[in-house]
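Data block below; observations after.
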Amino acid sequence: MITIALSKGRIFDETIPLLAAAGVATTEDPETSRKLILATNRKDVRVIIVRATDVPTYVQYGAADVGVAGKDVLDEHGGQGLYQPLDLNIARCKMMVAVAEGFDYERMVRHGARLKVATKYLQTAREHFAGKGVHVDLIKLYGSMELAPLVGLADAIVDLVSTGNTLKANGLIAVEEIASISARLIVNQASLKLKRVGVQPLLDAFARAAA
Ligand code: PRT
Ligand code: MG
């Protein structure tokens with residue numbers, strides 16, 4: 001049995017065409033089903049539905065053989081025990097620094113001010129500001145980072161931006177790009193060796209479809 005870990009929402013939706021290219025189709029829709037283990041048209045393949053941030057953990061421990069996770073999630077996780085063979089070019093967005101309109105970020109940075117930065121991405125933010133030599137107090141949030149500068153919790157946020165609509169709707173402006181983000185296929189290192197016969201054709205089909 002090959003187990004594929006996916007998260008609901010954009011990762012699942014954008015992985016479906018890649019799975020189809022590999023001849024795999026789930027028999028249920030995670031948006032309407034409450035099941036966390038989804039059968040597929042193939043007896044030897046199943047899909048498990050986990051939180052986006054938990055995908056690397058399931059694959060790392062071999063509870064899933066392969067998974068699809070954002071580069072943002074992988075950077076925070078650290079990637080231990082994972083083979084990361086493929087950029088799937090899906091769920092694309094940018095990791096950015098954003099501030100409230102009117103906050104002069106460049107000037108603050110130039111003057112060596114200490115900034116309060118709210119984010120779910122502590123590792124990414126720590127590395128980014130350390131690289132720039134900017135002193136920051138990081139404030140860990142689990143979501144809705146856009147609110148933090150509006151109510152005085154932080155001077156800036158580090159968050160993902162795709163259309164930019166969320167920033168705009170909340171009077172925020174992106175001031176710095178940290179990285180380009182897309183979803184990656186990850187594989188458990190032991191599965192790759194022990195289940196090569198089943199896993200390799202899947203990787204090949206994904207690679208062809210994502211190219
Ligand atoms: O939502 P939940 O808390 O369950 O988990 P999650 O946010 O980790 O999962 P999900 O499904 O929202 O995101 C899964 C992956 O999709 C992320 O790990 C990213 O790699 C990728 N991705 C691509 C995005 C976005 N685009 C994106 N725009 N993830 C989140 N967003 C959020 C962003 O954080 C911000 O709040 O969408 C908002 C901004 O969107 P725009 O279009 O208004 O700019
Ligand atoms: Mg989300």
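All values below were derived from every heavy atom in this structure, side-chain atoms included, with hydrogens, water molecules and symmetry-related copies excluded. Whatever order the structure lists them in is the order used to number ligands and atoms, beginning at 1. Every value quoted in this text rests on a predicted model; they were computed, and no experiment measured them.
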Would [X] count as a contact of ligand 1 if the rule is a heavy atom under 4.0 Å away?
{"X": "Met145", "result": "no"}
{"X": "Gly164", "result": "yes"}
{"X": "Ala91", "result": "yes"}
{"X": "Glu146", "result": "yes"}
{"X": "Thr53", "result": "no"}

Thinking salt bridges, do Asp75 and Lys71 make one under a 4.0 Å N-O criterion?
-> yes
Between Asp155 and Lys116, is the closest basic N to carboxylate O distance under 4.0 Å?
-> no
Examine the proximity of ligand 1 to [X] and report which part, side chain or backbone, both or neither, has a heavy atom under 4.0 Å away.
{"X": "Ile181", "answer": "side chain"}
{"X": "Leu160", "answer": "both"}
{"X": "Lys120", "answer": "side chain"}
{"X": "Ala52", "answer": "side chain"}

Sub-4.0 Å protein heavy atom near atom 1 (O) of ligand 1 | no
Count the heavy atoms of every other residue, nucleotide or ligand shown that sit under 6.0 Å from [atom1] of [X], and state whether that count exceeds 12.
{"X": "Phe12", "atom1": "CZ", "value": "yes"}
{"X": "Glu127", "atom1": "CD", "value": "no"}
{"X": "Lys193", "atom1": "NZ", "value": "no"}
{"X": "Arg114", "atom1": "CZ", "value": "yes"}

Among Lys94, Arg10, Arg51, closest by heavy atom to atom 37 (O) of ligand 1 is Arg10
So between Ile90, Asp13, Asp72, Val73, whose heavy atom ends up nearest atom 19 (C) of ligand 1?
-> Asp72
Say whether Asp159, considering both its backbone and side-chain N or O atoms, lies within less than 3.5 Å of an N or O atom on ligand 1.
-> yes
Do any nitrogen or oxygen atoms of Tyr121 come within less than 3.5 Å of a nitrogen or oxygen of ligand 1?
-> no
In terms of atom number and element, which parts of ligand 1 are under 4.0 angstrom from non-hydrogen atoms of Lys8?
-> 11 (O)
State the atoms of ligand 1, each with its element, that fall below the 4.0 Å cut-off from a heavy-atom position in Asn165.
-> 43 (O), 44 (O)
Do you know the tightest heavy-atom contact between Val47 and Leu6?
-> CG1-CD1, 3.8 Å
Can you tell me the protein heavy atom closest to atom 42 (O) of ligand 1 and the distance?
-> Thr163 OG1, 2.5 Å
Starting from the C-alpha separation in whole Å, work towards a yes-or-no answer on side-chain contact (heavy atoms from CB on, under 4.5 Å) for Gln189 and Leu82.
-> CA-CA 6 Å; Gln189 284 171 348; Leu82 300 175; 5.8 Å; no
Just checking, is any N or O donor in the side chain of Glu76 or Thr124 under 3.5 Å from an acceptor N or O on the other one?
-> yes
Begin with the C-alpha distance, continue with both residues' side-chain angles, and end with the deciding distance and a verdict on side-chain hydrogen bond (donor to acceptor under 3.5 Å, both in side chains) for His77 and Gln123.
-> CA-CA 9 Å; His77 175 267; Gln123 300 302 331; over 6 Å; no
